[in-house]
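One structure is given below, encoded as structure tokens.
Reckoned from all heavy atoms, side chains included, excluding hydrogens, waters and symmetry mates. A note on names: the letters A, B, ... follow the listed sequences, proteins ahead of strands, and every chain is numbered from 1.
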Amino acid sequence: MPTHAVMTRDRHLIHQKQGQLRQRQKDGLPFDRMQSELNELIEKSETLHQARLSRLPKITYDESLPVAARADEIIKAIQENQVVIIAGETGSGKTTQLPKMCLQAGRGIAGLIGHTQPRRIAARSVAERISDELQVNLGEQVGFQVRFSDESNEETLIKLMTDGILLAEIQQDKRLYKYDTIIIDEAHERSLNIDFLLGYLKQVLAARPDLKVIVTSATIDVERFSQHFENAPIIEVSGRTYPVEIRYQPLLSKSDSEELDEDQSMEQGVLDAVELLIAEERQSGYRGAGDILVFLPGEREIRETAEILRRAELRGTEVLPLYARLSASEQQRIFKSHSGRRIVLSTNVAETSLTVPGIRYVIDPGLARISRYSVRSKVQQLPIEKISQASANQRAGRCGRVADGICIRLYDENDFNNRPEFTDPEIFRTNLASVILQMANLKLGAVEKFPFVEMPEKRMINDGYRALTELGALHKDRLTPIGRQLAKLPIDPKLGRILIAAEQHSVLKEVAIIVSALSIPDPRERPQDKKTQSDQAHAVDKDEDSDFAVFLNLWERFEEQRQALSQNQLRQYCRKQFLNFMRMREWRDIHRQIMIACKQLGFKEVQHEERHYEAIHRSLLAGLFTHVANKMEDSKDMLGCRSRKLSIFPGSMLFKKPPQWIMAAELSGNQQAVRARCRSY
DNA sequence: ATCGAAGTA
């Protein structure tokens, strides 16, 4: 009986069929057909296995990377252990070299080597790099899969993907039989996806003794991962970085100095630090002009700092903003070569997602916007907080990649020492409804018993259960038919609930457009210096009663243009109309994906001559019933659920003349200003 | 009088 040369994904099925066959034999039933089916299955599996083996590329390592010197040790560890933890800083080469070591350890033939990344761009670029190094075509032996795009095939040995893709695959393949090896990369980022995967894999490992798992992380908190996987061995790899000098230069405070009229602003502190760095560089006799990376909490702070720097008229200096909302081409400017000095003002994107090349200095005010979910108010908030020590060190490391660097922290050392060591993992900071829904759907049992790396608080778990119960997805902690449908929709459960209601009200077509708009950031842009122009451009879509209907108008207007114009013309149209091209595309992509999922659930699109406002808004209410508010007397403020005082978002059509009742798409802000896209009755 | 950055069946 073959058990060595077949694919892992077939092994289970073959085993099952062999059992059935023996049973039939024992029972004296005919089994010829089953036998030939089984043989065919085995033969096919063996052939594929052979083909994959024959296409194994020659493996070489980039010897300049520190991890390459450890190849033998790592390969041995993989062969001898089910789980290995690899710890190493950026520049160690672990991400690109590790999958090749897995191949050399004999992995990747009977099943895929699955390699997860937290971000799509990383999944794609790592796959490109590895396929280059192995001299194979991308999409063949080395492939990748991210949302909306799959470049892998039957003969793919190494598949890069986002962690979300692997998570999604669990639904089809509970034991992950497709894979013989799984690498969870950047585990220290501790995203919700990563934490869920690490818990899930711990359970799968018992049922899959042939599966290998490799967890990689920066050298922070690695013992925790090792303990999670029964004291798996840790291999630590050095990074290839240069020393960074850390300086503490707190902002001047009124209370410390008699001459000061007011506290020094963060923006002013940044300018002072910039001038200091420039003066020092000149004195040191260094001939070049080192680039500076400044971390700021948000777009507004970036704008204000840019303005102050421009006014300071620094010679030969270019100021570049950087944040995720910029279009790809605007972000690309960071990678273009330049003369003179460059000062990049960036949000947290530059901390982990994007590496700005050639940085010599970092200025770090030590702040970031961090999302937190409040169980008390049921609102996801974005307060500006002091970042953790780990995060501050990560920022400092951004200037030690090409040469020695200097990092100026705009706070004192005592402040640093008093900060938490690590950023709270996302699982502690987020609404758990979606995770609980997935877990219920996968029949993983009680959330409190799941082997999370760190268990979320009981009240957060209870809150998630309650939210799902309110939506009708759970009844007495068991999945209802609605819950089963929700679990198959790739969006937030609230929004999924709206789609289900829309199907019942025969307005799926319209509501799917609105729901997909609500699941992306607003594609309408409103630049600081062109507020009136952009408001005017957006006004063509306005609807007197409902901010939700605006999305339908915008969608229809855009669809007409999209069908008439070339790609370039469409980009131009977006620019003129103050629409973010990338967001518009994402909107369509998500809409398409939602519609596919809805069709698989048997939902029907109905064509209407006119808009059924009431049906559309009734559907929305099925998910947004906790976002209803009533106007208070003699005030513009509204009274929402849980006696919460709300105000309407200034961008809303209903801002000027609030109706008696509203239903908001989203509650946000620290004072809980409602972002109301609403409808009155 | 207006919001961070990641991600998905």
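- For the ring pair (Phe, Tyr, Trp, His ring centres under 6.0 Å) test, no residue two or more places apart in sequence or in another chain qualifies with F225(A).
- Side-chain atoms of H188(A) and D221(A) form no donor-acceptor pair, as typed in the model, at a separation below 3.5 Å.
- Atoms CD (E186(A)) and P (dG7(B)) sit 13 Å apart, rounded to a whole Å.
- For residues 381-398 of chain A, the set of pairs meeting the salt bridge (Lys or Arg N to Asp or Glu O under 4.0 Å) definition, not counting sequence neighbours, comprises E351(A)-R395(A), D364(A)-R395(A), R372(A)-E385(A), K386(A)-D415(A).
- The nearest whole Å value for the distance from the CZ atom in F196(A) to the C1' atom in dA9(B) is 13 Å.
- Atom CD in Q172(A) sits about 16 Å away from atom P in dT8(B), given to the nearest Å.
- Within the 4.0 angstrom heavy-atom criterion, no nucleotide atom of any strand lies near S191(A).
- Residue I165(A) is in sugar-phosphate contact alone, with no base atom involved, counting any heavy-atom pair closer than 4.0 Å across all strands shown.
- Going from atom CD1 of I170(A) over to atom P of dT8(B) covers 15 Å, rounded to whole Å.
- Residue side chain E426(A) does not reach the base of dA5(B) through any donor-acceptor N/O pair under 3.5 Å, judged by distance alone.
- Between K531(A) and R526(A), the closest side-chain pair of non-hydrogen atoms falls below 4.5 Å.
- Contact between the side-chain N/O atoms of R120(A) and the OP1/OP2 oxygens of dT8(B) is found at a separation under 4.0 Å.
- Contact annotation: T162(A) side-chain N/O to dA6(B) OP1/OP2 distance is not under 4.0 Å.
- In the model, D185(A) has a side-chain atom that pairs as donor or acceptor with a side-chain atom of T216(A) under 3.5 Å.
- The distance from atom CD of Q394(A) to atom P of dA6(B) is 14 Å, rounded to the nearest whole Å.
- Residue-to-nucleotide proximity on DNA chain B shows that, of E301(A) and D163(A), the 5′-proximal contact is made by E301(A).
- Not a single donor-acceptor contact under 3.5 angstrom links the side-chain atoms of Q380(A) to the base of dC3(B).
- The nucleotide whose nearest atom lies closest to any side-chain atom of R147(A) is, among dA9(B), dA5(B), dC3(B), dA9(B).
- Candidate nucleotides dA9(B), dC3(B), dA6(B) were compared by shortest atom distance to the side chain of A168(A), and dA9(B) ranks first.
- Atom pair L442(A):CG and dT8(B):C1' shows a separation of 14 Å (rounding to whole Å applied).
- Counting any heavy atom pair closer than 4.0 Å across all strands shown, A487(A) reaches a base atom.
- Atom P of nucleotide dT8(B) and atom CD of Q117(A) are separated by 12 Å, given to the nearest angstrom.
- Note on R119(A): only backbone sugar-phosphate atoms sit closer than 4.0 angstrom, heavy atoms only; bases stay farther off.
- Cation-pi geometry between R120(A) and F148(A) is not met: the NZ or CZ atom fails to fall both under 6.0 Å from the ring centre and inside 45° of the normal.
- Nearest-nucleotide mapping onto DNA chain B: of Q331(A) and E169(A), the residue sitting toward the 5' end is Q331(A).
- Between H12(A) and Y177(A), the ring planes lie parallel to each other; the angle is under 30°, not in the 30° to 60° tilted range.
- Under a cut-off of 6.0 angstrom, the local environment of CZ in R585(A) is sparse, with at most 12 non-hydrogen atoms contributed by other residues, nucleotides or ligands.
- Note: CD (Q438(A)) to C1' (dG7(B)) measures 13 Å, nearest angstrom.
- Residue-level contact check: P118(A) touches the backbone only, with heavy atoms under 4.0 Å from sugar-phosphate atoms and none from bases.
- The base of dT2(B) is not paired with the side chain of R300(A) by any donor and acceptor separated by under 3.5 Å.
- Closest contact between the side chain of E666(A) and the listed nucleotides dA9(B), dC3(B), dA5(B) involves dC3(B).
- Within residues 592-602 of chain A, the residues having any heavy atom closer than 4.0 Å to DNA chain B are, in order of number, Q593(A).
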